[in-house]
Amino acid sequence: MPAVYREGGGEALRANLARQDDSGLAYDLYFLAMSHHRLGETARARDYYDWAVRWAPLQRDLRGGPAR
């Protein structure tokens, strides 16, 4: 997903995330926040960011570092 975001594919990113399960939801929410911000939807971006901040501590399976 980071590659899709870097390439400016905000719409494609949102469509892809809509089909994902909740296992990495916090990461997905951060990317949704960034894509909405890039599209100029700052209020919606802030909503997703706030949601990610609240959700991240609840996900025990999250790991930091680069994707493998």
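Among all heavy-atom pairs drawn from Trp55 and Ala26, the shortest one is CD1-N, 3.4 Å. For the pair Ala33 and Tyr49, the tightest heavy-atom approach, listed with the atom from each and the gap, is CB-N, 3.6 Å.
In this view, Tyr48 and Arg44 satisfy the side-chain hydrogen bond (donor to acceptor under 3.5 Å, both in side chains) rule, not counting sequence neighbours. Here Arg46 pairs with Asp50 under the salt bridge (charged side-chain N to carboxylate O under 4.0 Å, His left out) rule; sequence neighbours left out.
Put simply, CG on Leu29 and CE on Met34 are 11.0 Å apart, with the number rounded to the nearest 0.5 Å. Atom CG of residue Asp47 and atom CG of residue Leu32 lie 11.5 Å apart, to the nearest 0.5 angstrom.
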